[in-house]
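First the structure, in the form of structure tokens, and then the observations on it.
The sequence lines fix the lettering, A, B, ..., with proteins before strands; numbering per chain opens at 1.
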Number of protein chains: 2
Amino acid sequence: MTNTESLENVAQELRRGVIVLAVLSQLSSEQYGYSLLKLLSDQGLEVDQGTLYPLLRRLETQGYLQSVWKLEEARPRRYYVISAEGKKVLPKLKKEWAGIVSMMEKMLS
Amino acid sequence: MTNTESLENVAQELRRGVIVLAVLSQLSSEQYGYSLLKLLSDQGLEVDQGTLYPLLRRLETQGYLQSVWKLEEARPRRYYVISAEGKKVLPKLKKEWAGIVSMMEKMLS
DNA sequence: CATGATACTGTGTTATACACAGTATGTCAA
DNA sequence: TTGACATACTGTGTATAACACAGTATCATG
């Protein structure tokens with residue numbers, strides 16, 4: 001493992017934590033996996049397919065997301081939206097995040 | 001798994017990511033495991049022993065930390081400090097972190 | 001002297017990210 | 001029209017890491 005790879009790993013760990021929050025926050029409007037992937041990367045969060053798709057399924061299993069297959073479009077797509085449960089959790093997560101940010105601000109200064 | 005537990009899990013994921021950055025930033029001055037544990041929790045970051053100790057060993061293996069046993073004190077303690085490699089990586093991680101924070105700020109607004 | 005805080009090691013389990021492979025359709029330019 | 005590339009998803013295997021849990025032992029203090 002090279003040094004740059006190793007740094008990349010640690011930096012990755014940092015980014016990893018926010019993926020769930022990012023996904024939940026973006027799914028207030030309906031998205032399918034691939035469009036969400038693009039939406040996130042547009043905003044600066046690069047997520048691998050092999051990470052996002054399993055994550056979506058996991059969050060659905062945990063009840064934070066709902067999904068439907070839409071077959072009427074050109075190409076069949078599985079659309080995800082935040083669920084009622086997810087909507088309850090999201091503001092709590094945002095608060096948690098704000099807390100982390102201000103904590104780290106103090107710690108790093 | 002109850003709902004509160006489940007929320008706790010997701011919130012935990014969020015916190016998890018910053019632990020490495022927090023640890024590296026705090027180890028500019030020498031600390032032993034337990035004192036670091038207290039130092040972090042004083043600043044609002046609760047980390048489990050079973051998480052912190054393995055993490056310290058891991059970061060040492062990866063070359064970001066150095067450690068020495070100090071036996072001369074009342075009780076033998078393993079002291080950790082950031083290594084030269086760690087000092088190179090830390091500012092890069094801080095930048096990465098700043099990037100994540102501003103990205104999430106946009107995403108959540 | 002008992003109790004709780006301190007201080008560490010080690011193991012097993014589970015969850016998770018990610019790599020990798022595979023499938024298939026749409027689009028567009030040469 | 002065909003080849004390449006983007007789109008869009010599923011599924012499996014593996015390495016890693018957090019965390020629970022257990023165990024050990026010393027120090028401080030009421």
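The residues E96(A) and R15(B) are annotated as salt-bridged, a charged nitrogen and a carboxylate oxygen being separated by less than 4.0 angstrom. The residues R16(A) and E13(A) are annotated as not salt-bridged, no charged nitrogen and carboxylate oxygen being separated by less than 4.0 angstrom.
Taking only side-chain atoms of Y53(B), from C-beta outward, the nucleotide of dT9(C), dT26(D), dC9(D) with the closest atom is dT9(C). Considering only the side chain of E13(A), dA18(D) comes nearest among dA18(D), dT25(C), dA17(C). When distances run from any side-chain atom of W69(B) to the nucleotides dT9(C), dT7(D), dC19(D), the shortest one goes to dT9(C). For Y34(A), whose side chain is taken as the heavy atoms from C-beta onward, the closest listed nucleotide among dT6(C), dA6(D), dA18(D) is dA6(D).
Between the CD atom of E46(B) and the C1' atom of dC19(D) there is a distance of 15 Å, rounded to whole Å. Distance CG (D48(A)) to P (dT7(D)): 15 Å, rounded to an integer number of Å. To the nearest angstrom, C1' of dA15(C) lies 10 Å from CD of Q62(A). Atoms CG (L52(B)) and P (dA18(D)) sit 10 Å apart, rounded to a whole Å. One interatomic measurement links the two molecules: CD of Q12(B) to C1' of dT16(C), which rounds to 14 Å at whole-angstrom precision. In this structure, CZ of R16(A) is placed 13 Å from C1' of dA19(C), rounded to the nearest angstrom. Following rounding to the nearest Å, I19(B) (CD1) and dA17(D) (P) show an atom-to-atom distance of 13 Å. Summarising the geometry, the separation between CZ on R15(A) and C1' on dC18(C) is reported as 14 Å, rounded to the nearest angstrom.
Considering only side-chain N and O atoms, R75(B) lies nowhere under 4.0 angstrom from the phosphate OP1 or OP2 of dC8(C). For dT16(C), one of the phosphate oxygens OP1 or OP2 lies less than 4.0 angstrom from a side-chain nitrogen or oxygen of R58(A). In this structure, K38(B) does not reach the dA5(C) phosphate: none of its side-chain N or O atoms is under 4.0 Å from OP1 or OP2.
Comparing P54(B) and L55(A), the nucleotide of DNA chain C nearest to each residue sits closer to the 5' end for P54(B). Two residues, R78(A) and G50(B), neighbour DNA chain D, and the one matched to the more 5' nucleotide by heavy-atom proximity is R78(A). Of the two residues contacting DNA chain D, namely V20(B) and Y32(A), the nearest-nucleotide position lying further toward the 5' end is that of Y32(A).
Taking 3.5 Å as the limit, the base of dC19(D) and the side chain of Q49(B) contain no donor-acceptor pair of atoms between them.
Contacts of R57(B) with the nucleic acid, taken as non-hydrogen atoms under 4.0 Å apart, include base atoms.
V47(A) has its side chain out of reach of V23(A): every pair of non-hydrogen atoms, C-beta onward, lies at least 4.5 Å apart.
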Pair V20(B)-L14(A), side-chain contact (heavy atoms from CB on, under 4.5 Å): steps then yes or no: CA-CA 8 Å; V20(B) 171; L14(A) 219 48; over 6 Å; no
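Linking ILVMFWY side-chain heavy atoms closer than 4.5 Å, directly or via other members, places V81(A) and V68(A) in two distinct hydrophobic clusters.
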